[in-house]
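In what follows, a single structure is set out as C-alpha cells and then discussed.
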Amino acid sequence: MPGGPFGWLTAQDRLRRAAGLRRELRPRAAESALLDLAGNDYLGLTRHPEVVRAGADACLTWGAGATGSRLVTGSTALHAELEAEIAAFTGFEAALVFASGYAANLAAVTALTGPGTLLVSDAANHASLIDGCRLSKAGTEVVAHADPQAVRKALSGARAPGQDGAAAPGGPALVASDAVFSVDGDAAPLAELAAACRAYGAALLLDDAHGLGVMGEGGRGSAHRAGLAGAPDVVCTATLSKSFGAQGGVVLGPAAVIEHLVNAARTFIFDTGLAPAAAGAALAALRLLRREPERAGRARQVARDFHRLLTARGLEATAPDACVVSVRAPSPDSALAWAGRCRDEGLAVGCFRPPSVPDGVSRLRLTARCDLTGPQVQHAVEVIARTAPR
C-alpha cells in the first residue's frame, strides 16, 4: 500500500484542509493576557484560592493519582464526601463520581439499557451521549431537537416490559437528552420530556454538564429547577470540569441506579478513579457555591448581557438559557478566521465547526463567567462585532 498502512491519512488530511475543518492543538500558557470566553469556567472557580488549595492539599495527602479503579484502591474519603454532598446539593438520592463527564455518560447509557431497550436521543445531544447510544446495543431512535412530541411518537412504539416473556434490560425505554445543550446554550423542555416519559413508562436521562452550578436555585442544576431531582424515574449526569472548575464526572439518581452502575458500568469498573486532587478541588468548589449561591445568577446575567449587546450590533446570536451564547458564521473558514482575529485583539473565543455542530452551521461560541465585569463584556462585544466577517 502506497505510504504504508496509514497512507490513507494523507488524503484525509487534504480533505479536512480543503473543507476548513482541520483542527490543531494550541497549548495555552499558565498566565495569559487573553480575555477567556472559550473555556467553561462559568463560576470563575478554576483559579479560586480555596479551590486550588483544596486540590493541592488533596494531592499532598492522597498522592498524585488514585492508584487504581474505584473498586480496588481508587476510592478515598474525598470521593465519598463529594458523592454525598453533591447528591444532597442537587436533591438526588445518591451519586457516583467518574474520571470524566464523558465516562459518566457512557456508563449511564450503556448500563441502563440493552438489546431490549428503546433509546430515544435528541438530535443535538453531546457526543458522549451519542457514543453511549452506539455502544449500548439498544435500538436507538434520534428525534428532532427539543421536541417532546417527537419523543412521544418514538415512545409510542416501545414494547411493554416483559412483552416478549422476559424482562427487557433497562426496561422498555430510556430518553436521553442534554439538559442544556452545549453548542447554542438552549435548555431542554424538561417538564414536557418528563411527562412524555411517564406517559409511556420510560426513564429519563439528563446530561446537565452545562446546567449544574448555574441553573436552578443556587446552581443546584436543571433537574432541581424542573422539580425532577430525586424522582425515581430520572437520572442525571454532569461534569465537575465546568462550573466546579476541576475535573471528573458524576451520575446522580436513585440509590438502586447508583448501586447498579457500581456493578455494571464498564467505565467505572475498569477505569482508574478520579485523581484525589480533582475530587478535593470539586468538593471545595461545591462548598464555596453553597456559601455564595449568587454566583449562579450572576453568570446567567452575564450571558444575557452578551446576547443583548451582540444582537444590538446586528449579529445573529442565540438567546441563552444558561451561560453559552453562540454567534453564527457564514462558513467554517470564516468562523476560524473570525476566531483568529478575535485572538489577535486579545480575546479567546470558541470556534465550533462540523462535525462538532450537529446542524452543520459554524459559529463562535462564547461562555459567560460570573467574574466578568461590565467593561470586559462591553470590550468583548466590541471586538467580536469589529472583527466579524463582512
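One-based numbering along the sequence shown. Predicted model, so just to flag it, every value in this text is computed and none were measured.
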Exercise for the section: Report the residues that fulfil ring-ring contact (aromatic ring centres under 6.0 Å, His included) with F181, sequence neighbours left out, ordered by chain and then residue number. Expected result: H145
Handout entry: Charged N-O contact under 4.0 Å between R287 and E50
Key = no
Completion exercise
Q378 meets the side chain to side chain contact (heavy atoms under 4.5 Å, CB included) criterion, sequence neighbours left out, with L309
Exercise for the section: If a pair satisfies salt bridge (charged side-chain N to carboxylate O under 4.0 Å, His left out) and one of its residues is in residues 174-190, list it, with sequence neighbours excluded. Expected result: D184-R363
Handout entry: For D13, all residues meeting side chain to side chain contact (heavy atoms under 4.5 Å, CB included), sequence neighbours excluded
Key = R16, R17, R22
Handout entry: Beyond-backbone contact of Y42 with R295, side-chain heavy atoms, under 4.5 angstrom
Key = no
Exercise for the section: Answer whether the closest heavy-atom distance between the side chains of F244 and L212 falls below 4.5 Å. Expected result: yes
Handout entry: D207 side chain reached by N125 side chain, heavy atoms, under 4.5 Å
Key = no
Exercise for the section: Could you tell me whether R28 atom CZ has more than 12 heavy atoms of other residues or ligands within 6.0 Å of it? Expected result: no
Problem - R369 side chain vs D36 backbone, donor-acceptor pair below 3.5 Å - result: yes
Practice task
Mark yes when over 12 heavy atoms from residues, nucleotides or ligands other than R23 sit less than 6.0 Å from its CZ; otherwise mark no.
Solution key: yes
Problem - Beyond-backbone contact of L347 with L37, side-chain heavy atoms, under 4.5 angstrom - result: yes
Problem - Which residues share a side chain to side chain contact (heavy atoms under 4.5 Å, CB included) with S241, sequence neighbours left out - result: T239, Q247
Handout entry: Which residues share a side chain to side chain contact (heavy atoms under 4.5 Å, CB included) with L34, sequence neighbours left out
Key = S32, R343, A348
Exercise for the section: Just jot down the side-chain hydrogen bond (donor to acceptor under 3.5 Å, both in side chains) partners of T110, sequence neighbours excluded, or say none. Expected result: none
Exercise for the section: May I have the step-by-step check of side-chain hydrogen bond (donor to acceptor under 3.5 Å, both in side chains) for Y102 and H126, ending in yes or no? Expected result: CA-CA 9 Å; Y102 211 110; H126 188 264; 5.9 Å; no
Problem - Set of residues satisfying ring-ring contact (aromatic ring centres under 6.0 Å, His included) with respect to F268, sequence neighbours excluded - result: F98
Handout entry: Pair listing, salt bridge (charged side-chain N to carboxylate O under 4.0 Å, His left out) test, anchored in residues 140-157, at least two apart
Key = none
Fill in the blank from the handout: Applied to residues 298-323, the salt bridge (charged side-chain N to carboxylate O under 4.0 Å, His left out) test, sequence neighbours excluded, yields D305-R308, R313-E382
Handout entry: Side chain to side chain, P276 and T61, heavy atoms closer than 4.5 Å
Key = no
Practice task
Using atom types as modelled and distance alone, determine if a side-chain donor or acceptor of W338 lies under 3.5 Å from a backbone N or O of C351.
Solution key: no
Handout entry: Check: L274 main-chain N/O paired with H79 side-chain donor or acceptor under 3.5 Å
Key = yes
Handout entry: Backbone of T318 reached by a side-chain donor or acceptor of S326 within 3.5 Å
Key = no
Handout entry: Validation row: L112, V257 side chains within 4.5 angstrom (heavy atoms)
Key = yes
Handout entry: S136 (side chain) donor-acceptor with C133 (main chain) under 3.5 angstrom
Key = yes
Exercise for the section: Report yes if the side chains of L366 and L310 come closer than 4.5 Å at any heavy-atom pair, otherwise no. Expected result: yes
Problem - L45 vs S243 side-chain heavy atoms within contact, under 4.5 Å - result: no
Exercise for the section: Flag yes if V383 and F306 sit in one hydrophobic cluster, no otherwise; membership is Ile, Leu, Val, Met, Phe, Trp, Tyr, and two members link when side-chain heavy atoms are under 4.5 Å apart. Expected result: yes
Problem - Main-chain N/O of A146 paired with D122 side-chain donor or acceptor, under 3.5 Å - result: yes
Fill in the blank from the handout: side-chain hydrogen bond (donor to acceptor under 3.5 Å, both in side chains) filter on T140, not counting sequence neighbours, yields none
Problem - Residue R341 excluded, over 12 heavy atoms near CZ under 6.0 Å - result: yes
Fill in the blank from the handout: Residue pairs passing the salt bridge (charged side-chain N to carboxylate O under 4.0 Å, His left out) test with at least one member in residues 57-73, sequence neighbours excluded, are R53-D57, R70-E83
